[in-house]
Every structure is written in C-alpha cells, then in structure tokens.
Amino acid sequence: MKRFLSLFLCLILTVTTVACGQTDKNDSPNGAEDTSNGASGTQSTQGDITPPSVDLDFSGNDLDASFDASEATDVVFSENGIEIKGQGAAAEGCRLLLTEPGTYVLSGSCKDGKITVSVGENDKVKLVLDGLDLICKDGTALLVTEGDKVFLTLADGSKNKLADGASYTETVGETNVDGAIFSRADLTVNGSGTLSVSANNKHGIVSKDDLVLAGTGTLSVTSAGVALEGKDCVKIREMTLDLTSGGDGIRSTNTEDSSRGYVYVESGTLTIKSEGDGIQAETLLQIEGGSLSIVTGGGSENAPIKQGGDMMGGFRPGGNFGYTESTDTQPSRKGLKCTSLVLVNGGEVSVDAYDDGIHSDGDVSIAGGKTTVASGDDGIHGEKILQVTGGELTVKKSYEGLEACEIYIKDGKTSVTASDDGLNASDGSGGMMGGGFPGGMMGGGSAAYLCISGGYLLVDAAGDGLDSNGNFDMTGGTVLVAGPTNSGNGALDFGDGCTGSVSGGILIAVGASGMAENFTNAQNQGSMLVGTGTCQAGTGIAVCDENGRVLASFTPNKAYQCAVITAPGIKQGETYTVYAGADVANADENGFAKESTLSGGTAVATVEMTSLLYGSGMGGGMGGGMRPGGGGGMRPGRK
C-alpha cells in the first residue's frame, strides 16, 4: 500500500464523480441493497501452474557410497609429502594430481596441500575422504579441471576438513576458480561421514555443472561468499547441511537452458544463515520434503521498519503517507527465491528473512508441508501467480503477507500477520485515470485478481485485510479477517470499477468502519455489512438465524467497529441477528464455529435480508458515498 500525498490531495479537490461503470448504492451499513447476480471477473487460468521439465532423479551412483578398498588407490597426506599406494596418482611435494578414473581413498593432514583431478571428459572418479584435514594456502583445496563426474564420498565415521587460502587468483583456461572445492564437472557428495569446508577467499563448494548432495552424512560450510553453487542444478537428499555464508546459502545460476538452473530438496536437514539469499534458483526451486531453517541478513528483526495500515490516521516516518521506494543498495536477502517458480510440496520450512520470505519473479505454489515465515518485507511475493493448495502456511511477521498479481487460496490452513495488507493482489501497473496512482485507482482494467475457493484462512492486518486491485471472487473456504483499526483501510478491498463476488464459503471480516465495503455480487448465499459499535479486542462476533443457530463466529484479536459476514445459511427473505461477546459452543482457537449454539452476548444488529446483499459501505466523511459500487470512500488502490 503506497500512497502519495500530493496526488491524493489533488484528487480530493478535483474529483467529484467517479466513473466505474457501476450504479451507486445505499452506503448505510443498515440499508438493504439490490441483489447483483452479474458474472464475476474470474481469471481464465484459475491459478494453474505447470512446473518446468527438469531432472529431479538421483542416480544409483549418487546414492552408492560403497567402494572396494582392495582396488582403490590409497593416498596419505602429511606435512612432509604424500604417500601413494596404487595407480593413477602422482605427487609433487604436498600437491596431488589424479589423472586416471577410479577410486582414491584420501586421509592424513597437511597445512598446505592441494588435490587436482584431471581425467578424460567421459571418466568418473570417486574420492573417499577418510580422515582428511587439508588446507591450501594459495588456492582451492580440491580442483576438478576435467572429467564426467566426481564423487566425494565421506567414509563412515570419518571427520574431514578442507579449506582454501584467504586471498588468491586461480584460473583453468578462461574459468575463474572461486571455491574451496571447485569442479568443472558434475560433483556428488555422498556417504555417512562429516565434512567441514572453510572458504576464506570466496565460495564454499562450486560445480559448473550439477551439484548433488545425497547421503546420511553431515556437510558444514562457512564461506565468505556463496556456500553451495551448482550452475546447472543443486539436488539434495537426506544429507545434513549446516551453511553459514557471506553471500547466498545455496544457488543455481544457469539462465541459458530452461531445463537447468534449479534447486531441488527431496529430503534432509538444512540450516542456512546467509548474508544474501537463503536459496536462489533460476528455473525452479522445489521443496519436496526435509527440514529447512533459513535466516538471511540476520533475520527480519534487522530489517528497516516498514509501517503500514494508515491513510487517514496521520503522518508517520516510514509509513504510507509520502511513501517512497527504498534506495537500499545492499544485496538481496530473501529466504527462498527463484526467477520462475518456487514450489513447496512438503517438508518443514522455517524462514526468517531480512527481505521477502519467499519470492519469485514468476509464480509461487504452496501445496503441502509446514511453512513458517517471518519477513522484513513481503511474507510471500510472486510477480505473477501465488497459489496455496494445501499444507500449513504461517506468515507470522511481514509488511504485506501474501502478494502477487493473481492470488488463489484453494486449500490448506493459512495464517497471515501483516503490518500493511494481509493479502494484496496487484499487477504493479499503477494507474490514475489510466496511469500514475498505485494500484489503478478509478481504473477497472487491472489484471490483479484474488480468488478464495477453499481452505482455512486467518488474517491479521493493520492495512487492508483482503485487498485486490482487480476483481475478488470467493467460492468456498473459511476466511477470518481481523482488519485495520484505523479508518484509512478496510477489512475487504477490491479495485474501483471491479467486482467483489461471493457464491460460497464462510467469511467474517471485521475492522474499522471508515473504508468498509461489502461484496458487490452474491449468488447462492447472502452477505451483510453491519455496524457493531466499538468492540474491544477479544470480543467474539457471531451471526445467528431465526432459530438461534450460529451460522459462523469469530473472536478477533483486535478492536473493530463493523463486520462483513457471509455464510451458506444466509438467505434472502430471512432475518438474522449479530451478537458480540457471546460464548459459542465448540469454537476453535480463533473462536470459529459453524452450525453451533451460543449463550450470552449482546445483539448488536438485526438484519432483514430483503436481497442477498445487505449494506454497502460505512457512512460518514471519507467513509461514505464517494465510492461507486459501495466501496466506502474514495481512495487509491494498492501496490
């Protein structure tokens, strides 16, 4: 929600009529409206996302940490040189050169040694680390100049260490060598031992092709730059990773091939503390399982405070009046980040990010697992589509909770806490009479879209609770919104000249009255906007039919003055009573129940549904009369 004071004041002075292509309706919250059964603005995609075609398989060799010691070449490092037993290896001082395919068992200790692998382009090499402690003072500790694939196997029970120097320049042809472990071939780390990598110059482990981490072992990386990089891909299975990086934690960087540049986590335990992005990919970042704990930039507590949620409540440093875009030139510090698609299908993901928790320049899909996000900016941001189709998603701290051009909530359990908008559907085009004001004020042509068709959604927002700069459709699900306590925002908000349509599901959205608005279209069930008087935080609200049956209830954690309520049991021609402060049987932790009973409480509104829509906007000042379609006030949209 970004507003510009001078433009806003100019509009107040000059605009007396808003042409949105809708008939202005009664703005009284207790006045009945005509039912609108017009078609909604449903987008054609309905949030369908097709992942790119990439190789997510692990080969048999990736998973095989066994080796035949009788056929392997033994290499033992010491401060005085290298002892070799077998074929394919040569040494000069403490510098080891491997030129033949095969298996090499490496052990010993050296404070200035180096391993170089240079075999045929179709050759495979297995390096078994069995108690190796190696530092290279003037370059990378392990360098693969050529080969098909190198397997770095951590022997069972072994403890291994590799480190590079603090400053060096090293090249292979035109390739700059910038990792403590650096490979120009596919590189797999497997086995059940441990490996600690200290990257003092720049990056930790770098593969210019595939980087595969598959095994029951533990890999720890401390790096000045990126901890793990696989240009073509990074794939992780089972392994325990502990990464501390001055740059990104994990990244894949191939932008030239649509089947490359991806990160895939099938399973494992990942702990990432990064000054850059936690995990970054180009084509796909997919989490299938495992446990991930990611902290970027010191976490959300280190981010600049971005206050939101106020338009009429006064001027605040960092707030939305007079808001300007950040000029911060520091690197990106997002949790999960991808250019095309972030896909979370399972696992337990915990993100505490200085910047966005989860970010995609394309799409984001949360389909399963348990995801928890604390963010200094957006909780989850997608430039195109953001969909939630399953799992448990908690955004416990954010500026804007869920943001994308199109947002689809289809299933799952979602909880969002935001200092500005809870859900914000915005195409980013702006527009004031066609251009200039954020979010397309007075323009009905926004591509933004919000659709809720299932699931359980809880929103705590200081700005708008549910905000679409385009159309908003609700066809199912359970939605509970504790919206703004200031009159510069509303619990519901959709684009001027656009529609808010309901045909199914349960919604109770409470908040301040100044900018309150109801749905504009209703089918199958009714929707009411009622004034409740000022109710304090923790005061439950419930709507009952003529028989005293509770159709829906909610206990907000903040004060409110009005409520939008829709439920399947609300019908035209019947009368309903809204209660505040009642005890509702069998309510959940949020005070939600349906098909229940209540006791006590105070009746704050009696509603006769002469049509399927009751109440369009709260009256008084900026809150009434100036917004066609019952919008409850003239105000700019959102970004």
(request) Would you tell me whether E282 and T255 have side-chain atoms, one donor and one acceptor, within less than 3.5 Å of each other? (result) no
(message) If you define the side chain from C-beta out and look only at heavy atoms, does anything of L213 sit under 4.5 Å from L241?
(response) yes
(message) How close do S300 and S375 get, counting heavy atoms only, and between which atoms?
(response) CB-C, 3.6 Å
(request) Determine whether the side chains of T188 and N190 contain a donor N or O and an acceptor N or O closer than 3.5 Å. (result) no
(request) Would you check if I250 and L243 make a side-chain contact, meaning some heavy-atom pair closer than 4.5 Å? (result) yes
(request) State whether E229 and K231 are salt-bridged, where the test is any N-O pair (Lys NZ or Arg NE/NH1/NH2 against Asp/Glu carboxylate O) under 4.0 Å. (result) no
(message) If you compare all heavy atoms of G225 against all heavy atoms of S245, which two are closest, and at what distance to 0.1 Å?
(response) O-CB, 3.2 Å
(request) Using only heavy-atom distances, determine whether the side chains of S66 and D64 contain a donor-acceptor pair under 3.5 Å. (result) yes
(message) Tell me whether the NZ or CZ atom of K126 lies within the 45° cone about the ring axis of Y104 and under 6.0 Å from its centre.
(response) no
(request) Just grab all the side-chain hydrogen bond (donor to acceptor under 3.5 Å, both in side chains) pairs involving residues 341-350, residues at least two apart or on different chains. (result) E288-N345
(request) Establish, from distance only, whether the side-chain atoms of S360 and K337 form a donor-acceptor pair under 3.5 Å. (result) no
(message) Can a donor-acceptor pair be found, under 3.5 Å and without considering hydrogens, that links the side chain of D355 to the backbone of S332?
(response) no
(message) Is there a side-chain contact between S258 and P52 in this structure, where contact means two heavy atoms from C-beta onward sitting under 4.5 Å apart?
(response) no
(message) Between N254 (side chain only) and E256 (backbone N and O only), is there a donor and an acceptor less than 3.5 Å apart?
(response) yes
(request) Identify whether the distance between the nearest side-chain nitrogen and carboxylate oxygen of K235 and D57 falls below 4.0 Å. (result) no
(message) Does D257, at its CG atom, have more than 12 non-hydrogen atoms belonging to other residues, nucleotides or ligands within less than 6.0 Å?
(response) yes
(request) List the atom of H381, the atom of D356, and the distance in Å for their closest heavy-atom pair. (result) CB-OD2, 3.6 Å
(message) Testing the 3.5 Å rule here: is there a donor-acceptor pair between the side chains of N201 and H203?
(response) no
(message) Please tell me whether N122 and D148 have a donor and an acceptor in their side chains that are separated by less than 3.5 angstrom.
(response) no
(message) Using a strict threshold of under 4.0 Å (side-chain N to carboxylate O), is an ion pair present between D378 and K334?
(response) no
(message) Taking the basic N atoms (NZ, or NE/NH1/NH2) and the acidic carboxylate oxygens, is any pair closer than 4.0 Å for D363 and K384?
(response) no
(request) Taking the side chain as every heavy atom from C-beta outward, state whether L457 and L466 have any pair of such atoms under 4.5 Å apart. (result) yes
(message) Which residue is it: I115, V117, L97, V177? I am looking for the one with a side chain to side chain contact (heavy atoms under 4.5 Å, CB included) to L143.
(response) V177
(message) Could you check whether any side-chain heavy atom of D460 comes within less than 4.5 Å of a side-chain heavy atom of N557, counting everything from C-beta outward?
(response) yes
(message) Could you check whether Y168 and D178, counting side-chain N and O atoms only, form a donor-acceptor pair closer than 3.5 Å?
(response) no
(message) Within a 6.0 Å radius of atom CD on Q87, are there more than 12 heavy atoms belonging to other residues, nucleotides or ligands?
(response) no
(request) List the atom of V416, the atom of G422, and the distance in Å for their closest heavy-atom pair. (result) CG1-O, 3.6 Å
(request) State plainly whether the residues R333 and D352 are in salt-bridge range, i.e. N to O under 4.0 Å. (result) no
(message) The criterion is side chain to side chain contact (heavy atoms under 4.5 Å, CB included); which residues satisfy it with S59, sequence neighbours excluded?
(response) N61, D62, K149
(request) Would you please say whether a donor-acceptor pair under 3.5 Å links the side chains of T389 and D411? (result) no
(request) Return the minimal non-hydrogen interatomic distance between A404 and L386, and the atom names on each side. (result) CB-CB, 3.6 Å
(request) Establish, from distance only, whether the side-chain atoms of T296 and S274 form a donor-acceptor pair under 3.5 Å. (result) no
(message) Tell me whether T271 contacts the main-chain N or O of L292 through its side chain, where contact means a donor paired with an acceptor under 3.5 Å.
(response) no
(message) A side-chain contact here means heavy atoms from C-beta on lying under 4.5 Å apart; do L211 and I205 qualify?
(response) yes
(request) Return the orientation label for the Y264 and F58 ring planes: parallel under 30°, perpendicular over 60°, tilted otherwise. (result) tilted
(request) Would you confirm whether Y262, through its side chain, and D55, through its main-chain N or O, come within 3.5 Å as a donor-acceptor pair? (result) yes
(message) Give me the atom names and distance for the closest heavy-atom approach of T417 to K396.
(response) CB-O, 3.6 Å
(message) Under a 3.5 Å cutoff, is there a donor and acceptor pairing between the side chains of S365 and Q387?
(response) yes
(request) Please tell me if the side chains of Y354 and P304 come closer than 4.5 Å, counting only heavy atoms from C-beta onward. (result) yes
(message) Main chain of G230, side chain of S252: is a donor-acceptor contact present, judged purely on distance under 3.5 Å?
(response) yes
